[in-house]
Amino acid sequence: MSLLDMDERLLDLASLIDLVYSPIMDVKEFPEGVDITLVEGAVANEDNARMLRLVRERTDVLVAFGDCAVAGNVTALRNPIANPLPVLQRSYGPDPSRMPGLHTPDAEVPPLVTKVENLRALVRVDYYLPGCPPSADLIFFVLSELVAGRTLNLQSRATLG
Amino acid sequence: MKMLDAAMKRHRHQPDSLIEILHTAQELFGYLDVQCLKYVGHALKVPPSRVYGVATFYNIFSLKPRGAHTCVVCLGTACYVKGTAAILAAIERDQHVEVGGTTPDGQVSLVTARCLGACGLAPALVLDNEIHGAMTPETALARIKAWTDHDRG
Amino acid sequence: MIVDDIAAVRDREHAARAAQKARIAVCSAAGCLSTGGSAVKDALTAAVAEQGAGTDVRVLGTGCLGLCHAGPLVRVDAQDAAPAMFEHVTPALAVAIVSGVVGGALPAEQRCDLTQPFFTRQHRIVTSDAGVVDAERIEDYLAANGYAALEKVLTEMRPEEVVREISASGLRGRGGAGYPTGLKWSTVAKAQGPGKFVVCNADEGDPGAFMDRSVLEGDPHRVLEGMAIAAFAVGAEQGYIYVRGEYPLAITRLKTAIRQAERMQLLGHRILDTQFNFRIDIRIGAGAFVCGEETALISSIEGKRGTPRPRPPFPAEAGLWGRPTLINNVETYANIAPIILAGGSRFATLGTEHSKGTKVFALAGRIVNTGLVEVPMGIPLREIIYDIGGGIPDGRTFKAAQTGGPSGGCIPAAHLDLPVDYEALAGIGSIMGSGGLIVMDETSCMVDVARYFMEFCRDESCGKCIPCRAGTVQMHEILLKMTRGTADERDLGLLEQLAELVTRTSLCGLGQTAANPVMSTLHHFREEYMAHIRDKVCPAGVCPMHAEDRP
Amino acid sequence: MSVTTLTINGRLVSAAEGASILDVAREHDIHIPTLCHLDGLSEHGACRLCLVEVAGSSKLQAACMTKAVEGMVVTTDSERLRTYRRQIVELLLAERNHVCSVCVANRACELQDLAVSMGLHHVRYEPQAPQLAMDASHPRWIIDHNRCVLCTRCVRVCDEIEGAHTWDVMGRGRQTLVISDMNEPWGDSASCTSCGKCVRVCPTGALFEKGAVATNKDPHFVTYLRMAREQKLWNR
């Protein structure tokens with residue numbers, strides 16, 4: 001959402017990029033030969049892990065976008081408990097029929113991983129863009145720099161949280 | 001309690017004798033419970049949080065009661081090189097007890113030591129204050145079984 | 001008690017000895033006791049009584065006889081006969097030995113060859129009383145010229161002369177770092193103010209080290225005498241011995257020894273009828289490795305959590321309760337009396353240029369002769385391991401020698417000819433340490449050994465400063481990943497950076513040396529690390545090399 | 001009072017006798033990062049962020065605990081020091097559960113500020129994610145161990161200023177934990193006077209007021225109390 005906070009600056013960016021994959025686009029398969037990918041969210045289930053590895057393989061510059069991708073953040077709050085099941089039971093009640101697919105993973109619902117990881121734990125990350133959410137100004141700065149082919153140096157512009 | 005009082009008196013209730021007094025208390029009662037710690041702190045004029053801080057800093061002090069028997073597995077380098085990890089694992093498996101814990105029936109407490117200084121006899125265990133050297137998983141389990149068979153009848 | 005009385009005790013003891021046919025020494029150090037040493041001693045004593053040899057034969061419990069793996073050990077010193085030693089002695093053999101002594105023909109079985117290099121290559125200064133002095137009898141220590149050095153110091157020397165003699169000897173701290181003892185003494189001696197303290201660090205914490213334990217158990221008076229001389233030299237009247245709680249026998253023997261010495265006016269008030277007063281109290285450690293670090297040890301003696309504080313100020317200026325405090329370890333104090341008696345310059349003839357005297361090593365691990373040895377400084381490592389130690393058992397090959405415990409490093413075969421002294425060991429990334437020497441063969445994995453020591457440091461970190469508390473956790477985490485085959489080269493880079501951080505920024509010696517085992521194994525055995533990281537293989541076959549449930 | 005002259009980062013500066021390197025640096029607007037230090041409390045010397053290079057010494061020295069000495073040449077900022085400081089903050093962030101986005105002290109936290117000032121955007125170390133408790137038994141305040149950095153400011157202020165010594169530290173190494181009395185719920189503490197000083201000196205969101213969002217704390221709070229008590233000076 002904070003992408004949209006860039007307001008009219010989005011139009012400037014739009015003229016410089018081709019958006020080839022996004023959750024709001026009807027593209028099933030992550031394309032090859034992508035220049036820049038912003039990955040948001042932590043790795044919480046096996047499908048996330050598979051997807052992340054695929055993205056890494058097909059992307060030139062991978063940016064961990066937001067605190068969850070950078071550090072696990074809220075997604076990783078369950079890590080001290082080690083096993084996701086108690087968290088689910090606490091949220092959805094102990095009755096397994098109320099959370100089909102979670103007790104016994106199926107094709108629809110990928111199994112949760114025991115420990116939520118940030119992106120770096122699984123793949124090489126080129127840049128980190130922290131913030132929960134990152135500010136629109138910062139996103140604009142990062143995208144402008146990367147699109148222009150410059151090496152990103154955030155220094156003290158960004159903060160976790 | 002009388003013997004504890006006597007020990008504290010011998011040290012003239014000096015706050016710096018705290019560790020010595022905790023040694024005495026543990027010898028007398030087998031472990032240090034909160035009531036005892038409060039009593040000692042009060043007598044030596046040491047704040048409760050500091051007493052607790054000291055008692056939990058040192059490995060030898062136990063705030064939980066120990067089992068009837070104590071098995072200390074040496075994890076010193078010489079013992080490690082000669083396979084003490086396998087002995088520890090065997091005891092944990094066989095007796096269903098983790099390091100620092102006591103078997104459910106209160107018979108055997110399992111603890112580890114940094115080094116017993118009996119490296120010439122590695123791997124070494126201390127079974128109820130007696131050092132046993134050149135142990136194997138089998139001989140260690142046999143020794144522990146001897147206790148439990150005897151006591152569990 | 002005055003000097004003449006002490007001389008009388010010595011004379012009586014010598015006379016009694018001259019009348020004895022033989023002395024039978026049973027090793028009463030913890031090693032032999034654990035293999036049945038006390039039963040052997042009981043059997044010997046009973047047999048002597050039964051055979052009516054009470055006046056002819058004396059049975060004594062002495063300090064470590066060295067060859068721990070062959071215990072219980074019994075040594076027989078008969079008049080007009082070469083000494084003999086028996087190994088793996090049983091109560092039955094004990095009876096036979098006594099019969100042999102009485103009858104004039106010792107049993108031939110289970111004899112220990114005293115001409116083997118294990119015995120002949122040693123040079124005993126610190127351990128010279130083993131086999132001669134009964135650890136629980138002050139008379140024995142006196143008969144072996146014990147407390148003669150204290151007497152000499154109190155009656156013939158001025159404090160600054162004592163310090164000068166120790167400086168001239170070139171003695172360096174035997175606790176690990178090797179700080180010149182004389183320099184330390186002179187700093188404390190020069191420090192102003194009353195109420196100075198002398199502390200003996202007997203918190204022998206390095207796993208694999210039991211030299212101090214043997215000295216305390218076998219010859220406690222020698223340590224007390226060393227401390228008393230130090231107290232005289234620096235001007236202290238109160239001493240503390242900080243002993244590990246894990247050494248109950250050493251504590252008992254020290255308590256006995258202090259009581260005996262006080263009774264003979266060798267400790268306490270007006271020692272040997274001079275103006276010198278010196279009292280020693282025992283403080284029992286409670287299981288914290290960090291308390292071997294001197295500022296942490298001070299906190300612990302003060303009854304607090306054993307956390308260190310930054311130096312300077314050094315304890316020599318502001319130590320226990322803010323007073324100037326001299327802290328040396330057991331072996332250092334055990335060297336003092338011999339130096340005073342022989343003279344500092346004589347002591348300095350032994351050893352290398354910068355490392356004088358002898359060093360006691362505890363040999364353990366994959367070596368034939370496990371036990372306690374005392375060797376001159378500068379002896380090549382190869383000689384200790386192959387000649388004295390008897391080499392590697394079971395036809396295996398030497399891989400590394402670990403010295404200095406969790407603060408030290410692993411020395412590979414390429415450096416076996418290195419002379420053992422402070423500088424040489426430091427030069428190859430290890431340290432002399434307190435004297436633990438653990439030998440490893442090809443069944444040990446160096447990555448796993450590094451992980452083992454890091455786990456040790458992680459668990460023994462006091463938690464005060466961040467680099468040590470959290471840095472050891474992360475280094476252990478990375479080493480664990482390596483042993484599970486889940487580490488990559490990024491992790492290796494992180495490990496090396498963390499090693500530097502923890503070494504350079506930690507508050508005390510524990511943290512500052514915690515990375516040594518990692519750095520030394522990385523330096524000497526890098527290919528083994530790479531096998532774990534790149535090929536996911538543990539060449540020694542020790543590491544599990546499979547991940548637990550990770551995504 | 002005699003004056004000492006020394007060089008910091010190439011600048012010749014003067015110092016009052018007995019002043020620490022940190023005191024002198026601050027007086028001359030030379031910034032040295034700190035965490036466990038707080039004006040008015042005894043020095044702890046444990047965070048190691050204020051380590052500086054002193055010419056002639058092979059070891060780095062903690063600026064908070066090292067006295068300024070005549071002729072001393074000090075470097076407070078170098079590539080090496082920056083690397084170490086950054087690593088230390090990273091280690092802290094990985095040690096417990098510092099989740100800025102859901103923390104009451106977000107944007108009013110000294111740990112977060114340190115990270116920002118170092119341009120630290122991610123942590124390379126394995127997050128330890130320990131399972132730690134939160135104690136909300138006190139009627140006004142909460143202690144959340146997930147956010148504690150073990151600076152012991154609370155322990156020191158409680159002991160040195162309030163005189164209650166409710167807080168201390170238990171365990172050791174990574175098991176170290178700040179406790180009240182015999183590791184009892186804070187709300188049950190017999191020694192706590194509910195003065196709230198501990199909350200006011202906490203650099204992170206470990207000690208916080210119920211129902212309130214933390215704001216930046218007054219770094220001179222303890223100095224003020226000391227001045228007021230010892231010199232009867234109440235000018236804030």
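Quick caveat, the model's predicted, so the values are computed rather than measured. Naming: A, B, ... by sequence-line order, numbering from 1 per chain. Below, each value reflects all heavy atoms present in this structure, side chains not excepted, and no hydrogens, waters or symmetry copies.
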Item to complete: For the pair B:Y58 (side chain) and C:G306 (backbone), establish whether a donor and an acceptor sit closer than 3.5 Å, ignoring hydrogens and angles.
Response: yes
Worksheet item: Any idea which heavy atoms bring B:C119 and B:C115 closest together, and the distance?
Response: SG-SG, 3.7 Å
Worksheet item: With respect to chain C, which residue among B:V46, B:V54, B:L18 yields the maximal number of heavy-atom pairs within a distance under 4.5 Å?
Response: B:V54
Worksheet entry | Test log, rule side-chain hydrogen bond (donor to acceptor under 3.5 Å, both in side chains), inputs C:E204 and C:N329 | CA-CA 9 Å; C:E204 183 172 56; C:N329 94 324; over 6 Å; no
Fill in: Residue C:D206 versus chain B: region with a heavy atom under 4.5 Å
backbone
Response to the item:
Looking only at C:G365, C:C68, C:P248, the option with the highest number of non-hydrogen pairs under 4.5 Å against chain B is C:G365
Worksheet item: Considering only heavy atoms, which portion of C:S300 lies under 4.5 Å from any heavy atom of chain B: side chain, backbone, both, or neither?
Response: both
Worksheet item: Which answer fits C:I438, side chain, backbone, both or neither, if we ask what part of it has an atom under 4.5 Å from a heavy atom of chain B?
Response: side chain
Practice prompt. Please determine if B:R143 and B:D128 form a salt bridge, counting it only when a charged side-chain N lies under 4.0 Å from a carboxylate O.
Written response: no
Worksheet item: Taking NZ, NE, NH1 and NH2 as the nitrogens, is one of them in B:D94 or B:K145 under 4.0 Å from a carboxylate oxygen of the other?
Response: no
Discussion item. Does any backbone or side-chain atom of C:V290 lie under 4.5 Å from a heavy atom of chain B? Answer side chain, backbone, both or neither.
Written reply: side chain
Discussion item. As an exercise: rank C:G205, C:P207, C:A286, C:A288 by heavy-atom pairs under 4.5 Å with chain B and give me the winner.
Written reply: C:A286
Worksheet entry | Residue C:I282 versus chain B: region with a heavy atom under 4.5 Å | backbone
Worksheet item: Side chain, backbone, both or neither: which part of C:I301 has a heavy atom under 4.5 Å from chain B?
Response: backbone
Worksheet item: With distance as the sole criterion, is a donor-acceptor pair present between the side chains of C:S430 and C:T403 under 3.5 Å?
Response: yes
Fill in: Heavy-atom closest pair, residues C:C291 and C:L297
O-CB, 3.0 Å
Practice prompt. Among C:T443, C:I284, C:T370, single out the residue with the greatest number of heavy-atom pairs under 4.5 Å to chain B.
Written response: C:I284
Discussion item. If you compare all heavy atoms of B:L37 against all heavy atoms of B:Y52, which two are closest, and at what distance to 0.1 Å?
Written reply: CD1-CD1, 4.0 Å
Worksheet, complete the sentence: Bottom line for C:R213: the part with an atom under 4.5 Å from chain B's heavy atoms is side chain
Worksheet item: Taking atom types as modelled, is there a side-chain donor on B:D5 or B:Y39 under 3.5 Å from an acceptor on the other?
Response: yes
Discussion item. Under 4.5 Å from any heavy atom of chain B, what part of C:A209 do you find: side chain, backbone, both or neither?
Written reply: backbone
Worksheet item: Quick one: what part of C:F289 sits under 4.5 Å from any heavy atom of chain B, side chain, backbone, both or neither?
Response: neither
Worksheet item: If you measure from the Lys or Arg side-chain nitrogens to the Asp or Glu carboxylate oxygens, is any gap between C:D448 and C:R451 under 4.0 Å?
Response: yes
Item to complete: For chain C, find which of B:H23, B:E130, B:R50 contributes the most heavy-atom pairs closer than 4.5 angstrom.
Response: B:H23
Worksheet item: What residue, out of C:G285, C:G405, C:G463, C:P406, has the most heavy-atom pairs lying under 4.5 Å from chain B?
Response: C:G285
Worksheet, complete the sentence: Looking only at C:R283, C:E246, C:K304, the option with the highest number of non-hydrogen pairs under 4.5 Å against chain B is C:R283
